[in-house]
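First the proteins, then the strands, lettered A, B, ... as listed; each starts at 1.
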Number of protein chains: 2
Amino acid sequence: MGKGQETRERLLDIAELSVLAKGFGATSIEEIIAEAQITKSGFFYHFRDKNELARALLQRYLDREDGLLDELFDRARELHDDPLHAFLIGLKLLAEKMADLPNGHPGCMVAAYCYNERLFDPSVRSLNRTAVLGWRERFVAMLEEIAAVYPPRDDVDLQSVADMVSSSVDGGIILSKALGEPAVLSKQILLYRSYIKLLFSPTVD
Amino acid sequence: MGKGQETRERLLDIAELSVLAKGFGATSIEEIIAEAQITKSGFFYHFRDKNELARALLQRYLDREDGLLDELFDRARELHDDPLHAFLIGLKLLAEKMADLPNGHPGCMVAAYCYNERLFDPSVRSLNRTAVLGWRERFVAMLEEIAAVYPPRDDVDLQSVADMVSSSVDGGIILSKALGEPAVLSKQILLYRSYIKLLFSPTVD
DNA sequence: AACCAACCTGACCTCGAGTACAGTAAATTC
DNA sequence: GAATTTACTGTACTCGAGGTCAGGTTGGTT
């Protein structure tokens with residue numbers, strides 16, 4: 001990574017934490033460059049304007065998130081052939097990952113952007129939408145594979161069950177933040193796992 | 001309601017929508033007073049500073065939310081004596097209420113404040129925390145009553161199952177907003193309901 | 001040695017934000 | 001009907017925000 005890329009990443013790191021803690025509108029370029037020890041002109045060399053910072057921030061977050069999900073659920077599939085058990089293992093790995101964050105989850109960019117939507121141009125909003133649709137697709141594929149083997153014990157829409165992964169994570173993050181109890185997030189993921197277990201297991205216990 | 005209270009409520013209405021759409025930091029007093037057709041000094045007559053607006057906004061939101069939950073779950077209890085079925089009915093009523101919002105849910109103040117936490121003084125943050133704890137308490141009480149009659153079919157922590165109500169709502173709101181699909185929220189609540197059904201029902205069908 | 005692109009710095013501009021404070025018209029109280 | 005309170009308006013101030021532009025330094029290419 002060249003010197004320019006390094007600076008850019010540093011700017012994004014600083015911006016990311018600030019955006020998750022104060023929102024995009026309250027995150028000033030002034031404060032980012034102060035922490036990054038760079039001048040304002042230096043900042044604008046890397047990003048044309050604040051909206052380009054927003055786009056880059058979201059894109060980087062989504063790439064990382066996709067990478068993490070690939071890693072965890074691929075690993076889960078390695079550990080178990082059965083689609084249901086692989087999914088349950090993947091959820092456990094995810095819960096553990098979330099529990100291992102030292103200061104709790106810093107926040108979900110997608111959620112932060114939802115509560116700042118009016119600030120962004122359509123391209124950023126569409127990026128956000130596409131990301132959530134991607135997660136839906138990812139988990140719907142797993143769930144269909146599961147449902148083909150284990151008929152669900154309740155009449156549910158698999159697409160919504162797929163959405164529930166994102167919902168549990170985003171909801172869990174909010175509760176963790178509001179309560180100041182980082183553990184809440186992983187507990188919510190494990191409850192989703194419990195639902196999947198009950199929904200698809202032929203016998204329970 | 002006197003003239004002053006009326007103005008105050010109008011200011012809060014305008015601020016609420018803006019905060020949920022752009023975040024608190026990006027919501028300017030200037031824009032609020034422009035829409036409310038009042039001067040800046042008029043605004044500061046009602047609120048000492050921006051932080052007092054924040055507190056009033058959250059307080060009003062929480063009062064309304066508590067009122068709504070009281071209404072729905074009291075009504076549910078009227079409709080069915082059994083604690084499990086009453087809870088399931090309450091969740092259905094909640095899902096319907098959420099589905100009936102014409103333009104989708106405008107957003108949860110608690111969630112918005114979580115992603116703006118650094119902007120507020122400790123009293124506001126503590127108000128936010130207390131609210132979530134209140135919801136936890138409310139639903140834990142219902143779940144304990146249920147669990148006393150119907151032993152849960154999975155080894156779960158009832159406090160987390162209680163938190164899952166808030167988590168489903170907040171997660172559902174975020175997905176709805178990100179996707180531009182208002183229906184997602186009520187579907188997530190109904191999935192939580194499905195989980196409760198599977199978790200406590202002696203027989204499934 | 002000359003050049004050039006990448007990576008910045010410094011000085012400057014404009015605008016709107018939050019805030020202060022003095023004044024005032026209308027309603028309410030005494 | 002005088003005094004007080006409520007509910008504002010008008011004016012003025014400061015500061016930090018996002019953004020521009022012209023210039024400078026550095027390390028590698030020709």
Between A/Phe200 and A/Phe87, is the gap from one ring center to the other below 6.0 Å? no

Write out a two-atom table: protein N or O, nucleotide N or O from nucleotides 6-9 of chain C, distance below 3.5 Å.
from	atom 1	to	atom 2	distance (Å)
C/dC7	OP1	A/Gly4	N	3.2
C/dC7	OP2	A/Tyr45	OH	3.1
C/dC8	OP2	A/Thr7	OG1	2.9
C/dC8	OP2	A/His46	NE2	3.2
C/dT9	OP2	A/Thr39	N	2.9
C/dT9	OP2	A/Thr39	OG1	2.5

Taking the six-membered ring for Trp, are the ring centroids of B/Tyr195 and A/Tyr192 within less than 6.0 Å of each other? no

Could you tell me whether the side chains of B/Asp163 and B/Gln159 share a donor-acceptor contact shorter than 3.5 Å? no

Whole Å only: how far is the CD1 atom of B/Ile29 from the P atom of C/dA20? 11 Å

Atom pair distance, as rounded to whole Å: CD in B/Glu30 and P in C/dT19: 12 Å

From NZ of A/Lys50 across to P of C/dC15 the rounded distance in Å is 19 Å

More than 12 heavy atoms of other groups within 6.0 Å of A/Asp81 CG: no

Between atom CG in B/Leu53 and atom P in C/dT19, what is the gap in whole Å? 11 Å

Below 4.0 angstrom, which residues in residues 13-23 of chain A have at least one non-hydrogen atom near DNA chain C? none

Using whole Å, report how far CZ of B/Arg48 lies from P of C/dA20. 10 Å

Kindly determine whether A/Arg136 and B/Val184 satisfy side chain to side chain contact (heavy atoms under 4.5 Å, CB included), including the steps that lead there. CA-CA 12 Å; A/Arg136 171 184 279 180; B/Val184 168; 3.9 Å; yes

Is the side chain of A/Ser186 donor-acceptor paired with the backbone N or O of A/Ala183 at a distance under 3.5 Å, no angle test? yes

Criterion side-chain contact (heavy atoms from CB on, under 4.5 Å) against B/Arg129, the qualifying member of B/Val132, B/Leu133, B/Leu127: B/Leu133

Are the ring centres of A/Phe120 and A/Phe24 closer than 6.0 Å? yes

Without decimals, in angstroms, what is the distance between B/Ile33 CD1 and D/dC8 C1'? 13 Å

Classify the ring geometry of B/His85 against B/His80: parallel below 30°, tilted from 30° to 60°, perpendicular beyond 60°. parallel

Can you check the A/Asn51 CG to D/dG19 C1' distance for me, whole Å? 14 Å

Whole angstrom value for the distance that separates C1' of C/dG18 from CZ of B/Phe44: 5 Å

